[in-house]
Number of protein chains: 4
Amino acid sequence: MSGEEPRRRGRRRSEESRQAILTAAFDLVAEEGQDFTIEGIAARAGVSKQTIYRWWPTKGDILLESLAEQAEARISTSDRDSYLQDLRHFLDQTFTVLRPPGVRSALRSLMAEAQQNPELLLRFREEFLERRRASLLQIVSRAEVRGDLPPRVRSELVADIVFGVIWYRMLATDRLLDGADAGSLAGLLASHE
Amino acid sequence: MSGEEPRRRGRRRSEESRQAILTAAFDLVAEEGQDFTIEGIAARAGVSKQTIYRWWPTKGDILLESLAEQAEARISTSDRDSYLQDLRHFLDQTFTVLRPPGVRSALRSLMAEAQQNPELLLRFREEFLERRRASLLQIVSRAEVRGDLPPRVRSELVADIVFGVIWYRMLATDRLLDGADAGSLAGLLASHE
Amino acid sequence: MSGEEPRRRGRRRSEESRQAILTAAFDLVAEEGQDFTIEGIAARAGVSKQTIYRWWPTKGDILLESLAEQAEARISTSDRDSYLQDLRHFLDQTFTVLRPPGVRSALRSLMAEAQQNPELLLRFREEFLERRRASLLQIVSRAEVRGDLPPRVRSELVADIVFGVIWYRMLATDRLLDGADAGSLAGLLASHE
Amino acid sequence: MSGEEPRRRGRRRSEESRQAILTAAFDLVAEEGQDFTIEGIAARAGVSKQTIYRWWPTKGDILLESLAEQAEARISTSDRDSYLQDLRHFLDQTFTVLRPPGVRSALRSLMAEAQQNPELLLRFREEFLERRRASLLQIVSRAEVRGDLPPRVRSELVADIVFGVIWYRMLATDRLLDGADAGSLAGLLASHE
DNA sequence: ACGTAATCGAGACGGTACGTCGGGTCTTAGA
DNA sequence: TCTAAGACCCGACGTACCGTCTCGATTACGT
């Protein structure tokens, strides 16, 4: 029992700086390629580069931290009695989070950074992609228990399709995801005939 | 009217250099992040930087050129009498092209580069993504004519799902796409009940 | 009236730390430029940077303090009855102090630091260079009183020559100063014809 | 005979940049340590840092190059028929070159840099100190041949004394060297009785 | 065959950002 | 009140690539 903190000596990490850095990074990337460099972040946050390097290995990790927080907070997987409704609700919430262009910019930048740095890619998977996936799979297994799940596709494929469409739309096209998309997708995946 | 080339004077473009550059770029990117820079490509190809800048605006365009050739050549949309079989064949061919790790590396790098350069993104869409999409939509419209198409989803969503799964698997996970995946996906999209 | 020390409150300055710092600084610089930084001194002395900054304005002042002590303690200007002998004795003692390479390293570092910091240069002059000069001028004025001084050069020039040769040899050449040098120099400066 | 230049390929070194860098470095150091950094030199010369690093290993080498040129150009060792006059002329010329505060600043900076970088110290000796020394020794050996040289001191000590006084005055005191100093020094070193 | 023109490798140029080092200040916990 | 630890802002370091600009050396076409 207990979570005794070791209480180290010396000055403590500045929460103010941490927030300033997360915000600056997000804002810069939201402004479409606007000076999104470590130096740019430091300048906008009013912080030294050293302070950034002390806590984050790459600028991608900064985005990762701020995006992971947001997603966790704003997408629930509450039980709505049917697979179709659960799925529809999950998609609607997700698409809402993705509405602001800044969020999409940040996610696209993060995905791009991750492709160029294998270690960041691992962290991105573990701390973001897998968690989002786990959220969805929770809905799927609830349906399975309920006997509500169409037999056609394995749950892993469901996740590949849902997140595949979401990311493909962000990365490869300009088209926003809307309620109609949520309806078609949920319809296809939850339909029994 | 005619397609006469103007036949300019002076020394002609060196096909040897062109090939050396395409190969060097592809190889460097295949070796996972190994010095994939214009200078690196020039050095490995035994070519001057100027020669690269003369013919390609960005290093992403080099990848684009070499990948577009390959895909066009190796994925057919021949008529196999049923939507299910056409789709299945398309997926099998595509997954085969994607088998070599070098190809996947190149595609991931290209997608990453495109996220950071809006003009390259446009060219990437027009010269690669839209063409792949058009190939698939050919199969879908053939099914429509044939009356073979399940009514559940619009053809655009079919494309979003197919390419969504393909890209999501490449960018976000390690899992290769295999025959089983092709079967499930084709099954889901072509099934009538 | 009295000589009562004010007896300030709180923990008193740690003599242990003071010595550790002086030694660490001297040793680091003796090892030819090895990590001779405030951070390096703090690390080797097992002391915090703050403790150094509290008592010395620059790292040059640390060297200054330890070198001034040594010189004062080890070079006498005792009367040996003739200018020639006094001078010869002064030079021999000085050259002996300068024999260990660590001492020369420290002096060269101190001179270099002083060139880059005008305030340190002032302290260096007052607390070291002028005191060494005063020592020598004591010998010269004793000779003057005795009527033993050759008329050719003013006493200031004598000091310029003596310390000039010493410093030039340290800073600009590799050649150690030895007994022969002491002899020639004393001979030149003390000869009457 | 020969002296064929190798005629390398590629763009040639810009003499304009070279001069701008030498001038900028000299001027910055002349303004008493004002922003005397590689970045400062690059900024003032309107040149990239890379161009500096391509041709000079340290900022000391830049000073070295510009000072060596000046000294070589402005101090002659022409024969004036007597050792006393030759020496006196050498000292007068030297003191004249040293009159502007900027020159003294540059020399002091260079000497300081050299103390902190053993490789620069070697180059400083070879390309500056030893050449100045050789100039003087030329005068001394001419006197020797002429039978004009007082027997008291070896020629090496003459050089140690002359350059010792010059450097000591620059580094350790504020006092400028003037005609009177030249007279006393020449008198002492050239006097026969 | 000769000149004009475009290409090629080489490599220097002005820049931007990198990731690191050290300086000097400030904050915390412990002695 | 001092100490060691350690985080903070700042400025410079030396390096890597960027995209551009000469160079001399090859081609090739059109007189």
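None of these values were measured; they are calculated from a predicted model. Only heavy atoms go into these numbers, but all of them, side chains included; no hydrogens, no water, no symmetry mates. Below, chain A is the first sequence line, B the second, and so on; all start at residue 1.
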Nucleotide nearest C/Val47 (side chain, heavy atoms from C-beta), chosen from F/dC17, F/dC9, F/dA4 = F/dA4

From E/dG9, E/dG14, F/dA5, pick the nucleotide closest to the side chain of A/Arg9?
-> F/dA5

Shortest side-chain distance from D/Ser14, nucleotide among E/dC13, E/dC8, F/dT15 | E/dC13

Nearest-angstrom distance from the residue atom OH of A/Tyr53 to P of F/dC8 | 16 Å

Nucleotide nearest D/Ser17 when distance is taken to its side chain, options E/dC8, E/dG14, F/dG19 | E/dG14

Check the pair A/Arg108 / A/Glu32 against salt bridge (Lys or Arg N to Asp or Glu O under 4.0 Å), numbers first and verdict last.
-> CA-CA 10 Å; A/Arg108 291 188 304 149; A/Glu32 277 304 347; 2.9 Å; yes

Remember a base hit wins even if backbone is also touched, and classify B/Gly46 as base, sugar-phosphate or nothing at under 4.0 Å, heavy atoms.
-> sugar-phosphate

Distance test, side-chain N/O of D/Ser48 to OP1/OP2 of E/dG15, below 4.0 Å = no

NZ/NE/NH1/NH2 to OD/OE distance under 4.0 Å, D/Glu126 and D/Arg123 | no

Find the distance D/Gln50:CD to E/dC13:C1' and express it as a whole number of Å.
-> 10 Å

Quick one: on DNA chain F, does A/Arg13 or B/Pro57 contact a more 5' nucleotide (nearest heavy atom)?
-> A/Arg13

On the ring face of A/Trp56, is A/Arg13 found with NZ or CZ under 6.0 Å from the centre and within 45° of the axis?
-> yes

Taking the nucleotide of DNA chain E with the closest heavy atom to each, which residue, A/Thr37 or A/Gly10, is nearer the 5' end?
-> A/Thr37

When rounded to whole Å, the CD to P distance for the pair D/Glu39 and F/dT15 reads 13 Å

Whole-Å distance separating the CD1 atom of C/Ile38 from the P atom of F/dG6 = 19 Å

Check: A/Gln115 side chain, B/Leu171 main-chain N or O, donor-acceptor pair, under 3.5 Å | yes

Of F/dG19, E/dC8, F/dT3, the nucleotide closest to the side chain of C/Trp55 is F/dT3

From F/dC9, E/dA29, E/dG23, nucleotide with atom closest to C/Lys59 side chain = E/dG23

Distance below 4.0 Å between D/Arg54 side-chain N/O and E/dC13 OP1 or OP2 | yes

Donor-acceptor contact below 3.5 Å, side chain C/Arg125 vs main chain D/Ala172 | yes

Go through the N and O atoms of the side chain of C/Lys49 and the base of F/dG6, and report whether any donor-acceptor pair is under 3.5 Å.
-> no

How about D/Gln70: does its CD atom have over 12 heavy atoms from other parts shown lying under 6.0 Å from it?
-> yes

State whether B/Thr51 places a side-chain N or O below 4.0 Å from either non-bridging phosphate oxygen (OP1 or OP2) of E/dG9.
-> yes

Rounded to the nearest Å, what distance is computed from the CG atom of residue C/Asp35 to the C1' atom of nucleotide E/dT20?
-> 14 Å

Rounded to the Å, how far apart are C/Leu28 CG and E/dG22 P?
-> 12 Å

Base of F/dC21 paired with side chain of D/Arg11 (donor-acceptor, under 3.5 Å) = yes

Nearest-Å distance for atom pair CZ/P, residues A/Arg12 and E/dC26 = 19 Å

Spacing of D/Ile52 atom CD1 relative to E/dC13 atom P, expressed in whole Å = 11 Å

